[in-house]
Amino acid sequence: MIIDAHGHYVSAPPPLQAYRGWQLMNQARPTKGKLDLSDGQLEESMQGSIQRLEERGTDRLLLSPQAAAMGHHIGSELISRYWTQTNNEVIHRICERFPERYIGVAQLPQSPGVSPKNCIDELERTVTEFGFVGCNINPDPTAGAGFTPSMADEWWYPLYEKMVELDVPGMVHATSTLDPALHLVGAHYVNVDTAAAVELLYSRLFDEFPTLKIIIPHGGGAVPFQWGRFQAINHHPAITPGEPERFEETVKKLYFDAAVYDRDAMEMLIRKVGVDRVLFASELMGTAGSTDPDTGKAFDDTKQYVDQLTWLSDEERQKLFEQNARQVFPRLSQYLGEPTPA
Ligand SMILES: [Zn+2]
């Protein structure tokens, strides 16, 4: 079985954008309103994604709303809440229509300066009523226009407590940025991933929440490549007092997804963080849907890079493609049968 742990609904037809436009025109009087999106439009919008899943042999895709469109910084907390609810409801409809393809992951109604406590209701609704198995967490709802506490700060604890209670993991996921000097998917996303990983790894968070599960997407940003830098921090007495810990151990606090788009990056990720910490992923349909001129295949057909790592055992492949996702997303068990033997 192949579980892709990271995908977004990026092919929404015009009614979803029309809804957003209507919502933003009426910011002074926020109401949830109604999304006028038919089942036929919804089904048609998924055909490209389904075709890719079939071509690549992917059994299940964990699907969440379009990340760049989360727009937590736009409008009030209520605007963010209604927009989030509407998008999660669309994901739920897709998962109900195509239960053999998609399993839902929630957007959260984050808003600048608003305690993540405000996300608890929507997380609970999507998990208990919709059957979602995880959530995306944006480390900076201000989109660069302000400051948000570190993801290791107690400010976030109410959300983490609910995640632990519901037994759902969170994937760190930025949305758009207001900074004109940051390319959205070329720089901003991977910057945010790296920064969040560092904040979380050099913190007491997992001492206080030993069962909390956080996934850093896009191969952990710069984590595998800057390995020696982080190792040096661990062994620098002025920065990290006390008995030094090897970074190989530090990094095991987190999980990483395999949405990296060349063989060498895939190999470095798995060798550095260890096969037990990596979840197969492509971020379908997203940044890397274009075709590699050297291979004729899509960059985000990430299974090809795993296949090229001939040193991986069958057991290790089974962990990457299935077992690790089952462990990190325990609620997947309600949808999947018995684990595939290696
Ligand atoms: Zn993503």
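In each ligand, atom 1 is the first atom listed, and ligand 1 is the first ligand listed.
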Can you list the other members of the hydrophobic cluster that holds Leu336, where links are side-chain heavy atoms under 4.5 angstrom apart?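 Grouped by the 4.5 Å side-chain rule, Met1, Ile3, Leu62, Ile103, Val105, Val133, Met171, Ile215, Tyr255, Leu279, Val328, Phe329, Leu332, Tyr335 form the rest of the cluster around Leu336.
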Tracing side-chain links under 4.5 Å among I, L, V, M, F, W and Y, which residues wind up in one group with Tyr189?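 Leu184, Val185, all in the cluster of Tyr189.
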Return the number of protein N, O or S atoms with a distance to the Zn ion (ligand 1) smaller than 2.8 Å.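 Those protein atoms number 4 in total.
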Inter- and intrachain pairs under ring pair (Phe, Tyr, Trp, His ring centres under 6.0 Å), touching residues 265-324, at least two apart: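 Listed once each, the pairs are Phe280-Phe321.
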Parallel under 30°, tilted from 30 to 60°, perpendicular over 60°: which one fits the rings of Trp83 and Tyr19?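 Parallel: the ring planes of Trp83 and Tyr19 meet at under 30°.
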Let me know which of Val273, Val172, Ile216 forms a side chain to side chain contact (heavy atoms under 4.5 Å, CB included) with Leu254.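 The side chain to side chain contact (heavy atoms under 4.5 Å, CB included) with Leu254 is passed solely by Ile216 among Val273, Val172, Ile216.
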Tell me which one of Asp276, Asn324, Asp314 satisfies side-chain hydrogen bond (donor to acceptor under 3.5 Å, both in side chains) with Lys319.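 Option passing the side-chain hydrogen bond (donor to acceptor under 3.5 Å, both in side chains) with Lys319: Asp276.
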